[in-house]
Amino acid sequence: MPSDLNKTYTLAEILKQRAKDGSTMPLIDVLSGRYPLLEEGYWTQANGDTIHEFSQIATESYGAAVRLNEGTPATAVVTKTVQEELMLLEDRMWIDTRQLEISPNAIQFRIQKEQQHLKGLIKSFHYTFFSKKDPTGKQWGIKSLDMSQIDGLGARYNKLADDSVVSLGGSGSNLNSIWIVKWGPDAVSLLYPRNVGKTLRIQDLMIQPMHDSNGNRFEAVMTKFSWYFGLMIADPRCVKRLCNISNSGANAFDGSGTNGEEKLIDLVEALPGGDTSNVAIYVGPKVMAQIRKRINSKSNLYFAPANVWGREMITFQDIPVVRVDALRDDETAIA
């Protein structure tokens with residue numbers, strides 16, 4: 001039975017609660033598609049307009065062995081208070097009114113363009129979550145480089161550390177990572193603002209005056225897109241990274257010199273309690289190709305197809321394996 005990811009609090013479901021008039025239905029239609037993190041990610045409402053304050057687990061309590069007529073020492077589960085900021089992602093679209101006038105179906109044309117812009121925001125959201133560069137070379141998800149952003153997973157798990165970040169041995173650049181994420185309120189959550197209406201909006205700014213490169217005026221319909229989101233990690237042990245994966249050779253995931261599957265098993269078993277419920281594995285296109293080659297070899301027992309979320313997907317010992325295009329092979333070796 002594959003990991004039973006909780007889908008109650010997907011972003012599309014949250015928006016439906018405030019969009020009963022159907023005004024955001026084109027937006028919901030896009031979000032209801034098969035997009036990583038939006039389809040299976042757990043969403044938590046922030047307790048502030050632009051921040052969320054929560055307790056993060058630091059150490060656990062284990063009790064003590066005592067004898068009769070001896071007192072019991074007091075212990076406590078140690079937590080620390082963490083504040084996470086929410087990031088505002090915006091985009092703006094304009095269409096010359098004359099272009100709409102000659103369109104066979106002006107309304108449908110505009111809706112299609114809005115949906116395309118929204119899909120672009122989703123890609124930027126993915127780049128932010130994993131701290132990746134987009135195809136233009138722009139870095140996302142590293143707050144120290146851009147104070148308007150938040151730290152993604154790549155910025156938080158960027159050093160080899162015991163059972164959280166493990167290397168497959170690749171060196172140089174053009175390397176890949178595999179991410180394991182356990183979703184839930186006590187694990188990893190995505191944040192949306194306290195004011196739900198500010199979560200994700202498509203605003204029709206009506207007809208606005210525009211100017212061409214020569215300063216001549218014309219009119220255009222304008223649409224503004226805005227998305228507030230954040231990342232909360234209540235238990236740092238609920239994120240694992242297998243890094244330094246080469247595209248080919250001994251240090252590739254399907255390489256002969258290392259056993260990527262066994263390292264992946266070690267990381268899965270390092271999750272709190274070894275509990276794989278609500279867990280997903282995220283890979284990029286190059287690693288997914290290596291996984292499919294492992295399946296094609298007919299000698300692999302780790303990966304298998306299974307019905308997840310109503311369709312057939314690849315799983316790793318019953319854990320869904322999700323391909324994310326944002327996980328490009330552009331990483332340098334992590335030490």
Side-chain angles (χ1 to χ4, degrees), residues 9-19 23-33 35-39 41-54 56 81-94 113-156 181 183 185 188-206 208 221-234 324-326:
Y9 298 103
T10 62
L11 192 57
E13 288 296 325
I14 291 167
L15 289 173
K16 286 177 184 177
Q17 301 306 311
R18 69 172 182 87
S23 59
T24 59
M25 290 313 295
L27 181 153
I28 293 172
D29 288 342
V30 172
L31 293 180
S32 296
Y35 295 101
L37 309 182
L38 297 184
E39 184 178 29
Y42 188 93
W43 289 80
T44 297
Q45 188 173 36
N47 48 33
D49 291 327
T50 59
I51 63 169
H52 180 66
E53 187 171 294
F54 64 99
Q56 186 182 77
T81 300
V82 177
Q83 273 193 354
E84 288 287 358
E85 294 184 18
L86 273 66
M87 174 177 164
L88 176 58
L89 189 62
E90 286 192 340
D91 192 12
R92 195 179 296 265
M93 178 193 82
W94 59 265
K113 292 300 181 184
E114 288 176 344
Q115 291 178 338
Q116 290 169 358
H117 275 257
L118 181 56
K119 291 176 182 178
L121 283 187
I122 293 173
K123 289 182 180 180
S124 296
F125 165 70
H126 287 160
Y127 290 124
T128 301
F129 185 84
F130 291 107
S131 302
K132 300 290 290 184
K133 290 182 180 179
D134 64 26
T136 70
K138 176 180 174 59
Q139 177 68 61
W140 295 85
I142 300 181
K143 188 175 179 61
S144 62
L145 300 180
D146 184 350
M147 294 301 292
S148 64
Q149 297 194 33
I150 61 172
D151 280 335
L153 295 185
R156 303 174 192 233
V181 178
W183 294 103
V188 179
S189 296
L190 294 162
L191 300 171
Y192 65 94
R194 180 170 57 183
N195 184 341
V196 180
K198 294 181 179 179
T199 303
L200 180 56
R201 292 182 293 173
I202 296 181
Q203 295 174 277
D204 182 0
L205 301 183
M206 311 300 288
Q208 299 286 338
V221 294
M222 187 171 293
T223 305
K224 180 182 177 182
F225 307 82
S226 56
W227 188 359
Y228 265 114
F229 63 85
L231 172 61
M232 179 184 80
I233 302 177
V324 186
D325 288 347

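What you are looking at is a predicted structure, and each value in this text was computed from that prediction instead of being measured.
Across all their heavy atoms, Ser131 and Gly141 have their closest contact at OG-O, 2.8 Å. Closest non-hydrogen pair, His126 versus Ala326, comes out as CB-CB, 3.7 Å. When all heavy atoms of Ala46 and Leu86 are compared, the closest pair comes out as CB-CD1, 4.1 Å. Of all heavy-atom pairs spanning Gly41 and Leu190, the tightest one is CA-CD1, 4.5 Å. The minimum heavy-atom distance between His117 and Phe225, with the atom names listed, is CB-CZ, 3.5 Å.
Note that CD1 of Ile142 and CD1 of Ile150 are 12.5 Å apart. Values are rounded to the nearest 0.5 Å. Here the straight-line distance linking atom CG of Leu205 with atom CH2 of Trp94 works out to 14.5 Å at 0.5 Å rounding. Note that CG of Leu118 and CG of Leu200 are 6.0 Å apart. Values are rounded to the nearest 0.5 Å. Between atom CD of residue Gln149 and atom CH2 of residue Trp140 there is a gap of 5.5 Å, rounded to the nearest 0.5 Å. Once rounded to the nearest 0.5 Å, the distance linking CE of Met232 with CD of Glu53 reads 12.5 Å. Taking CD of Gln139 as the start and CG of Asp134 as the end, the distance is 9.0 Å to the nearest 0.5 Å.
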Give the C-alpha distance, both sets of side-chain angles, the deciding distance and a yes or no for side chain to side chain contact (heavy atoms under 4.5 Å, CB included) between Met93 and Met222.
CA-CA 6 Å; Met93 178 193 82; Met222 187 171 293; over 6 Å; no

Give the intermediate values and the outcome of side chain to side chain contact (heavy atoms under 4.5 Å, CB included) for residues Leu153 and Phe129.
CA-CA 6 Å; Leu153 295 185; Phe129 185 84; 3.4 Å; yes

Show your working on side chain to side chain contact (heavy atoms under 4.5 Å, CB included) between Val324 and Phe130 and close with a plain yes or no.
CA-CA 10 Å; Val324 186; Phe130 291 107; 4.0 Å; yes

Output, in order, the C-alpha distance, side-chain angles, deciding distance and verdict of side chain to side chain contact (heavy atoms under 4.5 Å, CB included) for Ile233 and Arg156.
CA-CA 10 Å; Ile233 302 177; Arg156 303 174 192 233; 3.9 Å; yes

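Using a cut-off of 4.0 Å between Lys/Arg side-chain N and Asp/Glu carboxylate O, Glu114 and Arg201 are scored as not salt-bridged. Between Asp151 and Lys143, none of the side-chain N atoms (NZ, or NE/NH1/NH2) sits under 4.0 Å from a carboxylate O, so this pair counts as no salt bridge.
Residues Asp325 and Lys123 are not in side-chain contact: their nearest non-hydrogen atoms beyond the backbone lie 4.5 Å or more apart. Two residues are said to be in side-chain contact when any heavy atoms from C-beta on lie closer than 4.5 Å; Phe54 and Pro185 fail this criterion. By the 4.5 Å heavy-atom criterion applied to side chains, Arg194 and Asn47 are not counted as neighbours. Taking the side chain as every heavy atom from C-beta outward, Leu37 and Tyr35 never approach each other to under 4.5 Å. Looking only at side-chain heavy atoms (C-beta outward), Pro193 and Asp49 stay at 4.5 Å or farther from each other. Between Ile122 and Trp227, some side-chain heavy-atom pair lies under the 4.5 Å cut-off.
Tested against Trp43 for a side chain to side chain contact (heavy atoms under 4.5 Å, CB included), the candidates Leu38, Leu191, Thr199 yield a single pass: Leu38.
Side-chain atoms of Glu90 and Ser226 form no donor-acceptor pair, as typed in the model, at a separation below 3.5 Å.
Ring planes of Phe229 and Phe125: perpendicular class, angle over 60° (limits at 30 and 60°).
Under a cut-off of 6.0 angstrom, the local environment of NZ in Lys138 is crowded, with over 12 non-hydrogen atoms contributed by other residues, nucleotides or ligands.
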